[in-house]
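First up is the structure itself, then whatever we jot down about it.
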There are 2 protein chains.
Amino acid sequence: MGKIEEAIKQSEFKDSYNKVVVNLLYTHSYLVGFQTAVLKPMDLSPEQYNVMRILRGQQGKPATIAAIQERMLNTMSNASRLVDKLKAKDLVKREECPENRRKVDVLITEKGLRLLELLEPEIVAINKKVIHLEEAELILLNGLLDKLRG
Amino acid sequence: MGKIEEAIKQSEFKDSYNKVVVNLLYTHSYLVGFQTAVLKPMDLSPEQYNVMRILRGQQGKPATIAAIQERMLNTMSNASRLVDKLKAKDLVKREECPENRRKVDVLITEKGLRLLELLEPEIVAINKKVIHLEEAELILLNGLLDKLRG
DNA sequence: TTTCAATTGATGTATATACATTTATTGTAG
DNA sequence: CTACAATAAATGTATATACATCAATTGAAA
């Protein structure tokens, strides 16, 4: 694979900003591809997986749709319909919030937790395999991305 | 904005690999949001814009659908339908390739080129504004992303 | 030459994103 | 209390992705 110029067969970029944007979009697509491949046999999309991890992070406490939305990687998306899909597979449950009937309490089920446990080692393995960076570089990269966003 | 932990309200990550993946996905969404905002008034999606830049890069030579696909940031996507949309707006033209009727020659139009020229300074400006990195950091980041993919 | 595989693109379907709009519920000002 | 604004989620629509499949054309082997 190597340099972004070879990857997308573009010899020059307007400036380093533009090059970083293109490089990030391309690397994003590279990573999501592997994640999708691991999740697909379990009939999960990357975003459904993300929602499940958010719910597990609640450690038993329910999360509202708005709370899930806020933690999602793709802002302004559609937690409501993702929860629908997960509920249809019995991976989450959704209950009307008793003290405020506008809200909805969403919880991960036992089945959902078991699926996450099953997937975790695979995800860890694929990440290690396809991310060709050492620990120090990972930390550096995380720092740069944090700084990028200000 | 700051650290990824605050951004998505997650206090810990399994390992640095996982953190880099989440950070990349989140930063991707951050950047695409701004790009979309600039392109939207012109009725262009980020991927349509990408296809137009690929065609401009051909410098007058036509590109087949397969050639466009190969250079796109999202692999395995759908250049055929994106070209359709752009053609409907007269931003590209599509002609049957004379020496091989399976192929299609796609070219950017004058109108397309003018639109790109109009958008370019806006894109450059927004990139500079929302990417809070200096030149040396941009180069470092590009290098890390290239190395990540191996 | 005829047949069949390979190539190229178009199309179909499910999923997800990005927004706008709608519905239901709650809270509050008059 | 009533009317209306604010909140929370659901729904509608257009766009795009990720694949699978289909159709047309080409090229090559029998």
Side-chain angles (χ1 to χ4, degrees), chain A residues 25-26 28-52 54 62-89 91-92 94-106, chain B residues 25-26 28-52 62-70 72-89 91-92 94-106:
Chain A
L25 300 198
Y26 190 73
H28 170 263
S29 169
Y30 168 84
L31 287 174
V32 169
F34 293 111
Q35 303 255 359
T36 302
V38 170
L39 298 174
K40 183 151 199 172
M42 299 296 142
D43 261 309
L44 272 189
S45 71
E47 278 308 324
Q48 287 174 13
Y49 178 64
N50 186 32
V51 169
M52 287 175 66
I54 289 168
T64 63
I65 297 289
I68 295 170
Q69 194 101 286
E70 209 184 5
R71 288 166 176 74
M72 279 175 61
L73 300 175
N74 289 291
T75 48
M76 300 309 294
S77 178
N78 208 320
S80 184
R81 276 183 277 222
L82 285 173
V83 166
D84 258 10
K85 301 271 171 65
L86 292 171
K87 184 178 150 79
K89 294 183 245 192
L91 298 172
V92 308
R94 180 172 49 186
E95 292 160 9
E96 191 179 81
C97 178
E99 72 264 14
N100 187 337
R101 279 161 49 220
R102 282 173 301 185
K103 296 191 183 183
V104 178
D105 280 346
V106 184
Chain B
L25 301 197
Y26 190 74
H28 169 264
S29 169
Y30 168 85
L31 286 175
V32 170
F34 294 111
Q35 304 255 359
T36 301
V38 171
L39 298 174
K40 184 153 197 170
M42 299 294 142
D43 261 310
L44 272 190
S45 72
E47 278 308 323
Q48 288 175 12
Y49 178 64
N50 186 30
V51 169
M52 287 175 66
T64 63
I65 297 289
I68 295 170
Q69 194 101 286
E70 209 185 5
M72 279 175 62
L73 301 175
N74 287 290
T75 50
M76 299 310 292
S77 175
N78 207 323
S80 185
R81 273 182 279 221
L82 285 173
V83 166
D84 258 11
K85 301 270 171 65
L86 291 172
K87 183 179 149 80
K89 294 183 241 187
L91 298 173
V92 309
R94 180 171 48 185
E95 293 159 7
E96 191 178 80
C97 178
E99 71 266 13
N100 187 335
R101 279 163 48 220
R102 280 173 304 187
K103 296 191 183 181
V104 178
D105 281 346
V106 185

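Letters A, B, ... are given to chains in the order of the sequence lines, protein chains preceding strands, and every chain is numbered from 1.
Applying the side chain to side chain contact (heavy atoms under 4.5 Å, CB included) rule to A:Asn100 yields the partners A:Arg102, A:Lys103; only residues at least two apart in sequence or on another chain are considered. Residues meeting the side chain to side chain contact (heavy atoms under 4.5 Å, CB included) test with B:Val104, sequence neighbours left out: B:Ile65, B:Arg94, B:Val106. Applying the side-chain hydrogen bond (donor to acceptor under 3.5 Å, both in side chains) test to A:Glu47 and every residue at least two apart in sequence or in another chain returns A:Asn50, A:Asn74. Remark: A:Asp43 engages no residue in a side-chain hydrogen bond (donor to acceptor under 3.5 Å, both in side chains) (not counting sequence neighbours). Under the side-chain hydrogen bond (donor to acceptor under 3.5 Å, both in side chains) criterion, B:Lys40 pairs with no residue at all, not counting sequence neighbours.
To the nearest angstrom, P of C:dA14 lies 20 Å from CD of A:Glu47. Separating the CG atom of A:Leu86 from the P atom of C:dT15 is a distance of 11 Å, rounded to the nearest angstrom. For the pair A:Gln48 CD and C:dA14 C1', the computed distance is 11 Å after rounding to whole Å. Look at CG on A:Leu31: it is 13 Å from P on D:dA18, rounded to the nearest Å. If you take CG of A:Asn78 and C1' of D:dT13, they are 12 Å apart, rounded to a whole angstrom. Taking atom CG of B:Leu82 as the reference point, atom C1' of C:dT11 lies 14 Å away to the nearest angstrom. Note: NZ (B:Lys89) to C1' (D:dA14) measures 11 Å, nearest angstrom. B:Asp43 places its CG atom 19 Å from the P atom of D:dT13, with the value rounded to the nearest Å.
In this structure, A:Gln48 and A:Leu91 have side chains that are not in contact, with every pair of non-hydrogen atoms separated by 4.5 Å or more. Annotation: side chain of A:Val32 is not in contact with side chain of B:His28 (no heavy-atom distance under 4.5 Å).
Between B:Ala37 and A:Leu44, it is A:Leu44 whose nearest contact on DNA chain C lies nearer the 5' terminus. Each of B:Arg101 and A:Asp84 has a nearest nucleotide on DNA chain D; the 5'-most of these lies closest to A:Asp84. Taking the nucleotide of DNA chain D with the nearest heavy atom to each of B:Glu96 and B:Arg81, the more 5' of the two is matched to B:Arg81.
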Report each atom pair, protein N/O against N/O of nucleotides 2-9 of chain C, whose distance is under 3.5 angstrom.
{"unit_1": "C:dT7", "atom_1": "O2", "unit_2": "B:Arg102", "atom_2": "NH1", "d": "3.0"}
{"unit_1": "C:dG9", "atom_1": "OP1", "unit_2": "B:Ile65", "atom_2": "N", "d": "3.3"}
{"unit_1": "C:dG9", "atom_1": "OP1", "unit_2": "B:Val104", "atom_2": "N", "d": "3.3"}
{"unit_1": "C:dG9", "atom_1": "OP2", "unit_2": "B:Ala66", "atom_2": "N", "d": "2.9"}

